Engineer: 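Take this structure first; my questions come after.
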Amino acid sequence: MNPEMNTETTDNETPAALGPTPTAGENVSAVNDWGGHRVSTTATSSPLAGAGDFDELSEVAGRVRRAMEQVIEGKPDVVEVAITVLLAEGHLLIEDVPGVGKTMLAKALAKSIDCTVRRIQFTPDLLPSDITGVSVFNQEIRDFEFKPGAVFANIVVGDEINRASPKTQAALLESMEERQVTVDTTTYHLESPFMVIATQNPIEMEGTYPLPEAQRDRFMARVSMGYPEPAAELRMLDGHAADDPLANLQPVTDGQQILRLVKTVQSVHVSESVKEYAVALVGATRRSQELRLGASPRSTLHLIRAARAAAALDAREFVLPDDIQELAVPVLAHRVLPAAEAHLGGRGAADIISGLVASVPLPRTRRD
Amino acid sequence: MTGHARISLAAWGATVLGALVLTPVFSGPFLFISAFLCALVTGVGVLLQNLRTPRIVVPIVQLLVLIELLSLFFLHSTMKFGLLPLKATALEFNSQLVDAMDSINRFSAPLPQDPHLTLFAVSVISATGFLIHVIAVQLRQAAWSGLLLLIMYTVPAATVHGGLPWLLFIPPAIGYIVLLSAEGRSRLSRWGRRISGVSHLDAAEPVEASALGQAGRRIGLTVVAIAALLPALLPTLPEGVIGNGLAGGGTGSGIGASISSTDPMLDMGKNLKRGDNVVALTYKGGPTGGTYLRLTALDLFDGNTWRIAPRSPGNKLNGSDLTPPPGYTGDLSKVQQSSMEIDVTRTFRSQFVPVPYPLHSISLKRDWRYDAGSLDVVSSNGSIVGGKKYKLTSYDLQPTPDQLHDAITTGAPDQYTAVVPQKTPPAIKAKTAEITAAAKDNKFEAAVLIQNWFRSGGGFTYSTQNAKGSGMAALEDFLLNNKEGYCEQFATGMALMARIIGIPSRVGIGFLPGTAGKDGEFTVKMHDMHAWPELYFQGIGWVRFEPTPSARVAATPNWTVASTENPTSPTTAPTNVPTTPGDKETPGIDRPRNDPNLPNDSGTAIVDSGNWFTNGGGKAIAGGLGVLLLLCIPWLVRTLTRRRRFLRPPGRAGAEGLWAEIRDTSRDLGLDWSDISTPRQAGQWLTSKLPEDTHPAVRRLARGIEALRYAGDAGLELDLRDDATAVRQALWSRARARRRWRARLLPPSWRWYLSRGTTEASDLLDEFDLLLARLRSLILPKRAHTS
């Protein structure tokens with residue numbers, strides 16, 4: 001992840017960024033200020049989204065980010081991806097060893113938005129009807145009545161998703177893709193925004209049902225928490241010792257606002273050459289000798305959607321190849337299968353994807 | 001396909017491709033027959049290998065199969081029961097081979113399509129193919145089979161007159177590379193599958209061909225291409241810079257003509273027949289009517305070639321007089337001397353200096369030496385005489401026929417010039433005796449009779465078409481049957497006959513006197529090259545004779561005429577001094593490429609000869625200017641590109657041009673602009689390289705490019721020229737002076753474009769590779785079933 005992406009430049013960025021840069025007179029750290037890109041908004045008028053939408057988006061995203069970072073110390077990139085997935089209407093898979101704060105991240109994101117949140121602890125005996133809901137015979141009205149399951153919420157936190165039986169997993173994953181639940185021939189639409197944050201533990205595989213490739217493909221991005229920095233871990237000790245930071249977390253936005261922001265994100269322009277680049281990158285995963293399975297066309301779609309959100313978070317109304325590059329690993333790595341040779345060579349999927357990013361050239365511009 | 005079969009196939013291909021070089025030597029269907037035989041032998045080998053026959057048995061069976069096949073094809077009638085090649089077959093085979101060797105000695109390439117020659121060629125090729133198979137497949141030492149291919153290549157290269165066409169080098173080289181790569185492939189495959197975990201870069205490469213083999217083929221084909229093209233593109237190097245080529249002397253096909261020290265006779269023939277008739281030298285002074293200029297004398301005849309005998313290092317020239325001419329016993333101080341000034345043009349590449357015989361003194365010094373026996377002057381450090389101008393004096397020896405008539409010729413001046421090779425056919429000896437019968441044992445009379453026989457009585461025709469050289473077989477053919485030839489055959493023929501009757505002789509190589517100009521200056525051209533016999537008479541020394549007919553040389557030396565009363569001799573009166581062939585030439589005479597414009601050419605050459613500018617200085621200046629212009633091309637193109645880019649109106653194309661300009665500028669200045677970086681990354685990279693005050697400009701530029709490329713706003717107009725100029729200047733001022741000059745004169749961005757070109761070329765190569773691989777996989781399954 002590029003640290004420049006995350007500098008909090010959106011607040012002080014003036015619309016006239018093309019003129020003499022205001023940062024020039026400031027300290028040295030301002031020199032690397034590449035964030036924020038409002039060139040075109042001043043030069044032309046955008047038909048889809050006004051500058052106000054982007055301001056609102058930046059501001060809300062900043063609030064959510066700050067709120068989450070109260071709980072998740074020293075993981076700005078993970079937080080950023082989580083917010084990006086939220087705004088891109090995708091689902092997030094958090095995969096890491098126990099105790100690094102997977103559930104904490106999911107909960108933090110859920111709690112900073114004022115909307116319905118459900119948490120499902122996946123266990124082997126969990127049934128599909130627990131997820132989707134079940135029709136119960138109501139004695140009073142003498143008819144079947146639908147009791148909505150856990151999936152009927154804006155944000156669903158699925159903890160240790162690989163502990164449930166495949167049947168149960170499938171129930172959740174179906175509703176993720178289709179955003180609707182069908183029980184007894186009746187179809188119930190899920191309310192927007194709808195986001196599933198699932199956590200998975202890759203180490204303790206005893207008695208688990210790893211997600212099949214087809215179902216992993218439905219998650220827009222996968223992030224690993226990774227161990228915290230020593231300093232962050234120290235701060236965590238202090239903070240958590242006093243009280244639960246999660247309890248203190250107050251919602252900073254609501255579902256309606258998120259919906260508006262999603263609309264803004266959808267207005268972000270993706271130029272032809274960026275699309276070509278995404279296709280080339282995904283195509284390279286299919287041709288790579290180090291990968292047994294390349295990324296699906298759906299992943300190209302997800303990549304572009306996530307890149308849109310990243311661009312909007314950067315207060316830019318068009319996608320850059322840089323957005324694609326930064327999101328390539330979180331969006332693509334969990335969908336591909338490294339070949340046996342790569343395993344032997346000690347190269348994981350993320351390494352291979354980074355290698356591809358470093359080797360696939362940008363589509364050539366027509367004239368230079 | 002197993003490794004064995006692959007290598008076997010490659011070995012077969014290498015043999016057939018290598019045999020292609022024999023096509024200029026042999027004619028007929030020998031190539032197809034040998035390819036077929038080799039294929040059968042290879043097939044037997046593969047089959048036996050697949051049947052897990054003991055290793056030692058396979059080549060034996062193959063050899064038997066080869067012998068059986070050869071006998072069946074060529075010697076069917078001698079076989080027992082029509083199937084078994086026994087003693088009769090072996091004898092017949094041997095006699096056919098002997099015949100073939102004889103033909104090869106007698107005829108020059110291309111050889112006629114005789115059955116015994118075809119048998120010879122097929123045997124040689126299939127034996128080579130069999131050996132290559134054994135070496136590459138059985139012994140697994142494919143690299144060594146290159147030696148066999150090389151032998152196959154050098155044989156025609158050394159024997160074909162004038163060398164092989166250079167393109168013929170390519171097929172054997174390709175065959176060899178394929179063989180090597182096939183062997184390397186099966187060698188690698190023994191280590192198991194390749195693990196590609198090391199590099200992510202080959203991820204984008206096609207799956208088919210293995211990367212290693214691909215790299216090998218790339219290198220191999222590139223090397224072959226360079227090896228084949230480079231000599232064709234380079235100008236001929238002067239003699240002695242890199243030694244003599246395989247076929248004796250440089251290519252000789254260009255303007256320059258060369259005379260090497262290894263085989264001057266061969267080079268003379270080449271210059272006469274193929275070289276351009278350019279001016280070789282001009283001279284002033286000397287005897288009236290011009291003089292023969294000699295380069296060297298060939299005194300050793302071993303039955304195959306006339307060569308220069310091994311010599312002592314020779315005497316250094318230091319401006320003083322040379323040693324007296326060998327064999328002359330008279331008073332040299334009374335002999336008239338004539339002085340000359342010779343100006344040799346640059347096109348004449350020879351280490352031998354053209355001088356008249358006998359030379360008295362010469363103005364060349366230091367690096368030039370002379371031989372006391374032959375009185376020829378040669379460079380001692382490999383430099384050439386072309387472009388030199390020197391003065392000399394020579395004795396004007398005019399022996400009278402009476403003197404010669406009385407001279408005794410018992411002793412020999414050295415150990416070489418009296419030797420008659422052992423293999424001299426008796427027919428030649430008999431012929432010589434027959435011609436010289438009238439001389440009544442007087443050696444000089446006999447020599448004159450021989451000369452006259454060549455010039456008029458023997459029925460000889462002058463023709464440069466005879467390309468058989470001057471070996472014993474060629475001479476026999478020339479003297480007794482064919483009677484067609486040029487000065488090479490005439491001179492060597494007479495020299496041989498002279499030796500037979502006991503006169504020591506050698507063959508002088510040099511120039512005819514040339515054409516006289518208006519002011520007494522003589523012009524000698526390349527086609528004036530000539531060879532003549534020199535006979536030794538005690539008391540007088542070496543005396544020149546002229547057996548070449550009047551079609552080529554009008555007059556004989558006057559001392560050879562007076563005492564003979566041969567009525568058929570068409571030679572002129574004794575007073576007639578040697579004149580140039582051009583003067584008295586009759587139309588329709590077979591003289592090599594006589595250009596009708598020749599007198600005009602020589603006229604201008606004479607007028608210009610003293611002018612430094614036209615003599616090469618002008619060309620040198622023009623060449624220098626041309627090179628300078630050539631060197632300026634990158635700079636010019638680069639500057640024009642920059643101007644065009646900066647002149648474009650603001651807009652998408654204009655901004656892209658400016659961006660490309662920044663990219664090229666940083667590449668010119670030696671910075672490593674990544675090809676896959678996005679504008680943002682490139683901008684960040686630039687800010688890391690440039691001083692802080694330019695950062696805003698860099699950022700504006702990078703963001704402008706981003707906006708133009710990706711914002712999808714067609715109407716967006718940004719004028720980034722000022723920023724581009726600022727960034728360009730910053731980059732420029734940051735570089736060191738040396739870098740800047742390099743960027744100006746030889747912009748490395750060019751190199752990058754070039755490397756993109758080579759990338760595309762190697763991509764093409766890979767495409768070809770892939771095509772071959774597909775072809776292979778298309779064909780091979782069928783093969784696998786049949787075997």
Side-chain angles (χ1 to χ4, degrees), chain A residues 2 4 17-21 23-24 28 31-34 37 39-40 43-44 46 269-274 277 283-285 287-291 311 316-322 324-325 338-347 351-352 354-362 365-368, chain B residues 193-207 211 641 645 648 652-661 663-664 674-684 687-688 692-693 695-700 702-718 720:
Chain A
N2 186 350
E4 276 81 38
L18 188 64
T21 314
T23 52
V28 184
V31 163
N32 266 344
D33 166 30
W34 288 88
H37 203 306
V39 178
S40 55
T44 60
S46 172
H269 173 78
V270 185
S271 67
E272 280 305 311
S273 67
V274 171
Y277 180 61
T285 67
R287 283 192 306 274
S288 169
Q289 287 181 330
E290 291 184 298
L291 293 176
R316 208 174 339 103
E317 49 185 56
F318 52 88
V319 177
L320 291 181
D322 304 73
I324 304 275
Q325 291 187 353
E341 283 93 343
H343 265 309
L344 284 174
R347 286 165 59 80
D351 298 326
I352 297 167
S354 319
L356 288 177
V357 167
S359 65
V360 175
L362 293 183
T365 44
R366 260 161 288 282
R367 286 184 65 181
D368 55 357
Chain B
R193 281 184 64 201
R194 195 170 67 95
I195 292 177
S196 61
V198 191
S199 156
H200 58 265
L201 287 178
D202 51 25
E205 276 186 355
V207 208
T641 315
R645 282 169 175 168
R648 271 188 207 149
R652 204 183 142 84
E656 286 289 353
L658 294 175
W659 189 241
E661 176 58 34
R663 177 193 68 203
D664 287 353
S674 161
D675 220 9
I676 56 165
S677 64
T678 62
R680 180 167 290 220
Q681 287 159 351
Q684 274 167 355
T687 50
S688 72
E692 206 173 301
D693 53 333
H695 289 187
V698 173
R699 264 200 298 275
R700 278 196 298 274
R703 286 180 184 181
I705 290 294
E706 278 183 352
L708 284 164
R709 272 193 197 168
Y710 305 117
D713 190 344
L716 185 58
E717 280 199 6
L718 285 172
L720 298 166

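Here is how names work: the chains are called A, B, and so on, in the same order as the sequence lines, proteins then strands, and each is numbered from 1. When reading the values below, keep in mind they use all heavy atoms of this one structure, side chains included, and skip hydrogens, waters and symmetry mates. What you are looking at is a predicted structure, and each value in this text was computed from that prediction instead of being measured.
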Engineer: Could you state the interatomic distance from CZ (B:R709) to CG (A:L320), rounded to the nearest 0.5 Å?
Structural biologist: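 Going from the CZ atom of B:R709 to the CG atom of A:L320 covers 10.5 Å.
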
Engineer: Would you please name every residue forming a side chain to side chain contact (heavy atoms under 4.5 Å, CB included) with A:S273, sequence neighbours left out?
Structural biologist: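 Listed in chain order: A:S271, A:P363, B:Y710.
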
Engineer: Using non-hydrogen atoms only, which part of B:E661 is less than 4.5 Å away from chain A: side chain, backbone, both, or neither?
Structural biologist: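 Neither the backbone nor the side chain of B:E661 comes within 4.5 Å of chain A.
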
Engineer: Which residue out of A:P321, A:G283, A:P361, A:P338 racks up the most heavy-atom pairs below 4.5 Å with chain B?
Structural biologist: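 Ranked by heavy-atom pairs under 4.5 Å with chain B, first place is A:P321.
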
Engineer: Just verifying a value: how many Å separate B:E706 CD and A:R316 CZ, rounded to the nearest 0.5 Å?
Structural biologist: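 One gets 6.5 Å once the value is rounded to the nearest 0.5 Å.
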
Engineer: Name the region of B:S677, side chain, backbone, both or neither, that has any atom closer than 4.5 Å to a heavy atom of chain A.
Structural biologist: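 Just its backbone gets close to chain A.
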
Engineer: Compare every heavy atom of B:T678 with every heavy atom of A:L362, then report the nearest pair and how far apart it is.
Structural biologist: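 Shortest heavy-atom separation between A:L362 and B:T678 comes out as CD1-CA, 3.6 Å.
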
Engineer: How would you list, by chain and number, every residue that makes a side chain to side chain contact (heavy atoms under 4.5 Å, CB included) with B:A655, sequence neighbours excluded?
Structural biologist: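 In terms of side chain to side chain contact (heavy atoms under 4.5 Å, CB included), with neighbours along the sequence ignored, B:A655 is linked to B:I705, B:L708, B:L720.
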
